[in-house]
Amino acid sequence: MVIDMKEKIFTKERIKNIGIGFLICFLFTFMLMIFGPAEIYFVNVAEFKFVYGEFVWILSGIALVGAVLAGLISAFLPAAARKILWSVLFGLSIAGYAQVMFINEGLDLLGMNPEGYQVESGQAAVNGIIWLVIVALVTAFSFWKEKIWQSLVCFGAVFLIGIQSVAWVSLMLSAEDAAYKYEEGEWYLSGESQFMVSANKNIIVIVLDYFSNQYVEPAMEKYPDLLDCMNDFTYYNNTDCTYFGTYPSIAHILSGSEVDPSIPVNEWTSKIWQDEKAQGFYQALRDQDYVCNIYTPDSNMICGMNSPEILKQLFSNVTNEGQDFNVDYGLLTKTMIKMSGYRMFPYAVKPYLYTNVDEYSEIMVSKSRGVSHENHRYYGHLTEERLKADDESNYYIFQHLSGAHNYNIDENCQLKEESTLEETAKGCMVLVEEYFNQLKELGVYDDATIIVTSDHGGPRDSQVVFFMKNANETHDEMLVSSAPISLSELQATIAQAAGIDYTPYGPAVSDISPEQPRERTVWVRLYVDTLPSVPKYSGEGESVSNAYCGFTYTGDIDDLLEKYDAGPDIVIPETDGFF
C-alpha cells in the first residue's frame, strides 16, 4: 500500500514536472544568486575586503535548495497555475538577462551616489513595458503551444545556464589570488589611535564625505540649531572641492599634487607620495614634533593598487601587524543578493535594491582596531571610549567620515535605514559637537586648529562645507566669509597652523580675500562619447568615466552651476579610471 501511494504521488509525469520546474527555477536562482554576485565581485574585487569563498558556498546552497523546493512545489500545483509560475520565472530570467546584457547603462554598482538610484519616469515606464511584454508572451505561448513551449523553455534554460556557467568559470580562473585568500603581512591604515589627541597642540581635519555646501540651507530649515556648535568657527561658504569624488580628492588634499590623467592611476598614486611636495610637507610636520595620523577606510583611494607601505614614512598609523576580522555573513548574503538584483531587475525596481558603498564596508569589522568610518559606528566608539590625550607629541589628525555619502543616520547620529538628507546632516553635526565637547573636557579645544570640511559635493554642485577655527580663536557667533577658496589651499593652511613656512605649498585660506576676483577650476570625472572607453585601474573591466572635465568659473556657486550646465572648458582623456 505504501508503494502504491508513492507511485500515485511520484508518477512519471510528475517526476518530469519536478525536473522541468527545477530547471526553470534554477535558471532564475543561478542568475540572481550565483552568476550575478560572481560577476559583480570579480569585476570589482579591488573594492571588497572579503574573499570570494566567504559567500559563494552560501549563495550557491540557497540557489540550489531554493530551486529544488520550488521545483517540487510547482510539480504539485494545478496545471494552469504551474504553467503560469514557470512562465513568469522563465520570462523574468529572459528579461533579466536582456537587462544586464543590453539595457543597463552606466550602472553605479559600487553605490557612490548618496541619493541612491535615479531614473526618469518615462525611461522606467518603457523598461517596465519591455519586461511585461516578455513575461506576457512567454505565458501566452505556454497555453497556445504547450509542448513546443515546454521544449523551448527547457532548451532556453539549459542554454542560458550553460553560457553563463562558462563565463562564471572563466571569471574564477582569471581572477587574481586576492579574490581567494587574504594577504598575510598586508600593510594597512590602523585605527588603534583613532581616538587619541595631543595634550599639547592639535591640528584636526574632519572630512564629512559628500557634504555639499548646498546641503546646509535645507538642513537648517528643518534644524535651525544645526550649526550652533560652530560659534568659534568661520564658515567659508564659497569653497570648491577642486576634484569631484573621494578619489582623487583625498589623495590630492593629502599629497598636494594635481591629478595627472595622462598616466595610470597606480603610477600617479605611487608618484605623489614620493614627490618632494608631500615628502617635504610631512617631514616639516615631524620636525615640529607632529604625529601624523590619517583615518580613511579604503587605502585604494590614496594608493590605488599599491601597498599602503608606500605611506609608512609619512603617516604614523601605517602598519602590517596581523589583523583579524569578524564577518557578518547575514549582511554579506543580503548585500550580494541586493547588488545582483539591482543589476538584474528593471529600472523601476532598482531604487529599492540600490546598495550604498557604506553598506558593504560594514560586512567585515576588524577584531582589533580598524578605522571607524561610518558615522554611527564612529559616534558609538567616540561616546563609549571617549577621546584620550597624549602628552608626548603634537598631533595632525585627518579624520575621514562617511558624512552625507549615505543617508542612513537619524538626527541623533544613530543608524536609520532610509533616512533623509536633513536628518543625516544633523546627525553629522551631532557627531562633530560631541567631538568638540570631548576636546573641551580634555582642555585641548582652545589651542586646537580645527577644520570641518568635505572631500567633494555632487558632480554639479561641487562646492563643499568648510568651517575653520584657528588656535585660540573664539567668537560669540559663527563668522561667515565668501572668500573664493578651494581644497587646494588645505595643505598650505595646515602648514601655516603648524608654524611652517607654507610658501612652497601655495596660498593659505587666510591669504584669500572675499573681494578678490579669483578663477577656479573644478574637475569632474565623466564619460565623453567622443573618446574611447578606458579600463579600470584595477584591471577589472571598463571604467564608468574616460575623461576629466574642467569647469572654470569666477564667482560663487551660481556661477559654477551655470558653467556646469554650459559644458566643460577643458576635456582631458584618462589613461584609466578609478571607478
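Only this structure's heavy atoms are used, side chains among them; waters, hydrogens and symmetry mates stay out. In this chain, residues are counted from 1 in sequence order.
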**Fill in**
Which of Phe551, Tyr553, Trp523, Phe244 passes ring pair (Phe, Tyr, Trp, His ring centres under 6.0 Å) with Tyr564? Answer is Phe551
State, with a plain yes or no, whether a side-chain heavy atom of [X] is found less than 4.5 Å away from one of [Y].
X: Lys277; Y: Pro504; value: no
X: Trp268; Y: Glu258; value: no
X: Tyr502; Y: Ile500; value: no
X: Tyr347; Y: Asn104; value: yes
X: Ile253; Y: Ser249; value: yes
X: Ser538; Y: Glu176; value: no
X: Asp275; Y: Ser255; value: no
X: Glu321; Y: Glu192; value: no

Look up atom [atom1] in [X] and atom [atom2] in [Y], then write down how far apart they are to the nearest 0.5 Å.
X: Gln399; Y: Leu208; atom1: CD; atom2: CG; result: 9.5 Å
X: Gln164; Y: Ser170; atom1: CD; atom2: OG; result: 13.5 Å
X: Met344; Y: Met31; atom1: CE; atom2: CE; result: 4.0 Å
X: Leu189; Y: His400; atom1: CG; atom2: NE2; result: 12.0 Å
X: Asp576; Y: Ser545; atom1: CG; atom2: OG; result: 9.0 Å
X: Ile494; Y: Leu285; atom1: CD1; atom2: CG; result: 8.0 Å

**Message:** I'd like to know if Lys181 pairs up with Glu54 as an ion pair, taking the criterion as any Lys NZ or Arg NE/NH1/NH2 lying under 4.0 Å from an Asp or Glu carboxylate oxygen.
**Reply:** no
**Message:** Between Asp565 and Arg460 (salt bridge meaning N to carboxylate O under 4.0 Å), is one present in this structure?
**Reply:** yes
What are the two closest heavy atoms between [X] and [Y], and how far apart are they?
X: Pro218; Y: Leu421; answer: CG-CD2, 4.4 Å
X: Ile572; Y: Pro261; answer: CG2-CG, 3.9 Å
X: Asn293; Y: Ser316; answer: OD1-CB, 3.4 Å
X: Tyr282; Y: Cys292; answer: CD2-SG, 4.0 Å
X: Glu489; Y: Arg518; answer: OE2-NH2, 2.9 Å

Do we see a donor-acceptor contact under 3.5 Å between the side chains of [X] and [Y]?
X: Gln283; Y: Gln313; result: no
X: Thr521; Y: Thr552; result: yes
X: Glu423; Y: Ser419; result: yes
X: Thr242; Y: Ser488; result: yes
X: Tyr210; Y: Asp455; result: no
X: Gln214; Y: Ser212; result: no
X: Glu418; Y: Asn408; result: no
X: Asn375; Y: Ser402; result: yes

**Request:** Determine whether the aromatic ring centres of Tyr378 and His373 lie less than 6.0 Å apart.
**Result:** no
**Centroid-centroid under 6.0 Å between Tyr235 and Phe466 rings** = no
[Y] backbone acceptor or donor facing [X] side chain under 3.5 Å:
X: Glu47; Y: Asn44; value: no
X: Thr269; Y: Val265; value: yes
X: Thr335; Y: Leu331; value: yes
X: Ser462; Y: Gly458; value: yes
X: Arg525; Y: Tyr247; value: yes

In terms of relative ring orientation, are [X] and [Y] parallel, tilted or perpendicular, with 30° and 60° separating the classes?
X: Tyr180; Y: Phe42; value: tilted
X: Phe50; Y: Phe55; value: perpendicular
X: Phe48; Y: Tyr41; value: parallel
X: Tyr243; Y: His252; value: perpendicular

**Request:** Could you give me the CA-CA distance, side-chain angles and deciding distance for Tyr396 and Tyr290, then say whether ring-ring contact (aromatic ring centres under 6.0 Å, His included) is met?
**Result:** CA-CA 6 Å; Tyr396 168 47; Tyr290 277 91; 7.7 Å; no
**Message:** If you count heavy atoms of other groups shown closer than 6.0 angstrom to CD of Glu105, is the number above 12?
**Reply:** no
**Request:** Kindly check if the number of other-residue, nucleotide or ligand heavy atoms within 6.0 Å of CD (Glu562) is above 12?
**Result:** no
**Request:** For Glu186 and Asn320, run side-chain hydrogen bond (donor to acceptor under 3.5 Å, both in side chains): C-alpha distance rounded to whole Å, both residues' side-chain angles, the deciding distance at 0.1 Å, then the answer.
**Result:** CA-CA 5 Å; Glu186 183 179 8; Asn320 65 344; over 6 Å; no
**Request:** Test Asp298 against Lys49 for salt bridge (charged side-chain N to carboxylate O under 4.0 Å, His left out), laying out the working first.
**Result:** CA-CA 9 Å; Asp298 189 354; Lys49 294 179 181 178; over 6 Å; no
**Request:** For ring-ring contact (aromatic ring centres under 6.0 Å, His included), just list the numbers for Tyr537 and Phe579, CA-CA rounded to whole Å, side-chain angles, deciding distance to a tenth of an Å, and then say yes or no.
**Result:** CA-CA 8 Å; Tyr537 80 105; Phe579 296 106; 8.2 Å; no
**Chi angles and distances behind the ring-ring contact (aromatic ring centres under 6.0 Å, His included) call for Tyr505, Phe281** = CA-CA 8 Å; Tyr505 312 110; Phe281 176 73; 5.4 Å; yes
**Message:** Would Lys350 pass as a cation-pi partner of Tyr342, given that its NZ or CZ must be under 6.0 Å from the six-membered ring centre and within 45 degrees of the axis?
**Reply:** yes
**Request:** Output, in order, the C-alpha distance, side-chain angles, deciding distance and verdict of side-chain hydrogen bond (donor to acceptor under 3.5 Å, both in side chains) for Tyr527 and Ser533.
**Result:** CA-CA 8 Å; Tyr527 190 90; Ser533 299; 2.6 Å; yes
**Prompt:** Asp209 and Thr246: side-chain hydrogen bond (donor to acceptor under 3.5 Å, both in side chains), yes or no, with the steps?
**Reply:** CA-CA 7 Å; Asp209 206 310; Thr246 302; 3.0 Å; yes
**Complete:** Which of Asn238, Asp240, Leu561, Asn213 passes side chain to side chain contact (heavy atoms under 4.5 Å, CB included) with Asp556? It is Asn238
**Item:** Step-by-step side-chain hydrogen bond (donor to acceptor under 3.5 Å, both in side chains) determination, Asp511 to Gln496
**Value:** CA-CA 11 Å; Asp511 295 328; Gln496 182 188 50; 4.7 Å; no
